[in-house]
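Just the heavy atoms: all of them, side chains too, but no hydrogens, waters or symmetry mates, feed the values below.
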Amino acid sequence: MTPYYITTTLPYVNADPHIGFALEIIQADALARYHRLQGDEVLFNTGTDEHGQKIYEKAIKEGKDTQAYVDEYAAKFDRLKEALNLTYTNFIRTSDPNHKKAAQEFWNRCLANGDIHKDQYQTKYCVGCELEKSDSELVDGKCPVHPNLELETRDEENYFFAFSKYQKPLQDLYLANPDFVIPDYRFNEIKSFVDAGLKDFSISRVKEKMPWGVPVPGDENHVMYVWFDALVNYISTLGWPNEEGDFKKFWPGVQVAGKDNLRQQSAMWQAMLLSASIEPSKQVFIHGFITSGGQKMSKSLGNVVDPFTLVDEFGTDAVRYYLLREIPSHDDGDYSADRMEERFAELANQLGNLVSRVAAMAGKYFDGKLDRVDRDWSEQNAKLDLCMKNYDFKTYTDQIFQVVSDANEIIDKKAPFKLVKTDEAGAKKILSELADMIRFIGQSLLPIIPVSAQEILNRYAGEKIIVGDPIFPRRD
RNA sequence: CGCGGGGUAGAGCAGUCCGGUAGCUCGCUUGGCUCAUAACCAAGAGGUCAUUGGUUCAAAUCCAAUCCCCGCAACCA
């Protein structure tokens, strides 16, 4: 069995699970399932990113012990497994003792390689908020809450990672791996970013101000900046620094991430790996963002889509179907209740109805017993395989639904329900071919809508085709 | 001159590299069928391909300029 390792990014636990993360983990799940069906041995990792300033502040605000706070959130995210029918094998939490040890060992490797040094880190401080502000928080160079106050500049001594050293090695890595980042325009984006020159980045925080992080080895005054520790999860989940076992078997792997993570995944993390003398990732797949009703999701607009609510209303498979087919696999997409309804209707009317009508005819005319047809599907399968290699779940599903559409067309054009009155053998032949198409459809849809696809296969696998209740009952 | 993506039928997109009568899905209208979850099948309507100028026998596609939208602008996870 060929080992296949796929991992999502770790969601930061300062908010409830977001539909955008649901998209990411469903994409990863589809790949994991697909590879399992191909006979690969799959390790599928996800988890939670639990350190850093924002979490520390949020826990204080909610009056909770920080560890208790993150425990609560980790459990919440783990509930996605059931809600979305996910098959991840690993759930790494960055507050796990093993992960912390790995992060420290990683730090030491980079340090030993001469890539970690101290430097001054400048922060902008708003006296009004009594908080440090990042540039992206500022409006016209001022604190948006206190625009009448001048910001103070404060220096802080931090540890820095020698990112600038890795411009050439990263360029070489990209050159040697022309498919390193998918899609290609994201790859171009990161290449031009690296070509423009790299600045060393800060990888620690002063513990006094922000204690919620992995201690920097050999310096009790600093904790790691959350990025540095979080990225190490991709290997700590494999048991690293133990280089035997899962690490040896599964690394390097495929990383799935949102477009906001392009730099961290495809440049910073790769430089860190090079520094620690670890093989770079195999590939990075970047997906887009989901808008809601055409607008950015925000609490103030009240258009935030909660994956749990969605599943309660439409069911797991329909939500998976929507995210994998409606949303462009590589680009931004939109969620709207109307489109969700339409997509559900499509499942019911095209696929569900096809399964029903063929089963009904088989039952009515031939007691459910049809001839076994074994059409050669290798050409279609090759196309589907290409879609998965390109992380194009939308086209993958489109192609299967082309077969659904073909099958519905055949029924109308050849009208086996009419033909059976004059040519029973002819009708049986048509239905048998249709049943074979349905089995292909069911098999191919297993990574996309696992429960429904399996149900289809169950109904059509045996000696006798089973007539059952609607797989996707119409919604009123 | 910060970087990148984009502007093609009501909606979402393909086509642009390698110019040659504008295509897909959904929605809409009409017709057909009755096996089926009132589902399915077929036909049709609907577009100055952001704008302006240029090259060409011919431009959504090449060139130039302009307008508009969306990200990012690194230590914000």
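- Among the atoms of the strands shown, only primed sugar atoms or phosphate atoms (P, OP1, OP2) are found under 4.0 Å from some heavy atom of Tyr365(A).
- Ionic pairing of Glu346(A) and Arg325(A) is present here: one or more N-O contacts between side-chain nitrogen and carboxylate oxygen are shorter than 4.0 angstrom.
- In RNA chain B, the stems built from three or more successive Watson-Crick or G-U pairs (distances below 3.5 Å) are B:2-7 with B:67-72, B:10-13 with B:23-26, B:28-32 with B:40-44, B:50-54 with B:62-66.
- Ion pairing between a basic and an acidic side chain is recognised when a charged N comes within 4.0 Å of a carboxylate O; Asp332(A) and Lys259(A) show such pairing.
- Among the atoms of the strands shown, base atoms are found under 4.0 Å from some heavy atom of Asn261(A).
- Taking atom NZ of residue Lys199(A) and atom C1' of nucleotide G2(B), one finds them 13 Å apart after rounding to whole Å.
- In this structure, Ala348(A) reaches the bases: a heavy-atom distance under 4.0 Å links it to at least one base atom across the strands shown.
- Partners of Val467(A) according to the side chain to side chain contact (heavy atoms under 4.5 Å, CB included) rule, which considers only residues two or more places apart in sequence or in another chain, are Ala359(A).
- Taking atom P in both C75(B) and G5(B), one finds a spacing of 23 Å when rounded to whole Å.
- Both Asn408(A) and Phe163(A) sit near RNA chain B, but only Asn408(A) has its closest nucleotide nearer the 5' end.
- RNA chain B lies under 4.0 Å from no heavy atom of any residue of residues 430-438 of chain A.
- OP1 or OP2 of G12(B) has not a single side-chain nitrogen or oxygen of Arg339(A) nearer than 4.0 Å.
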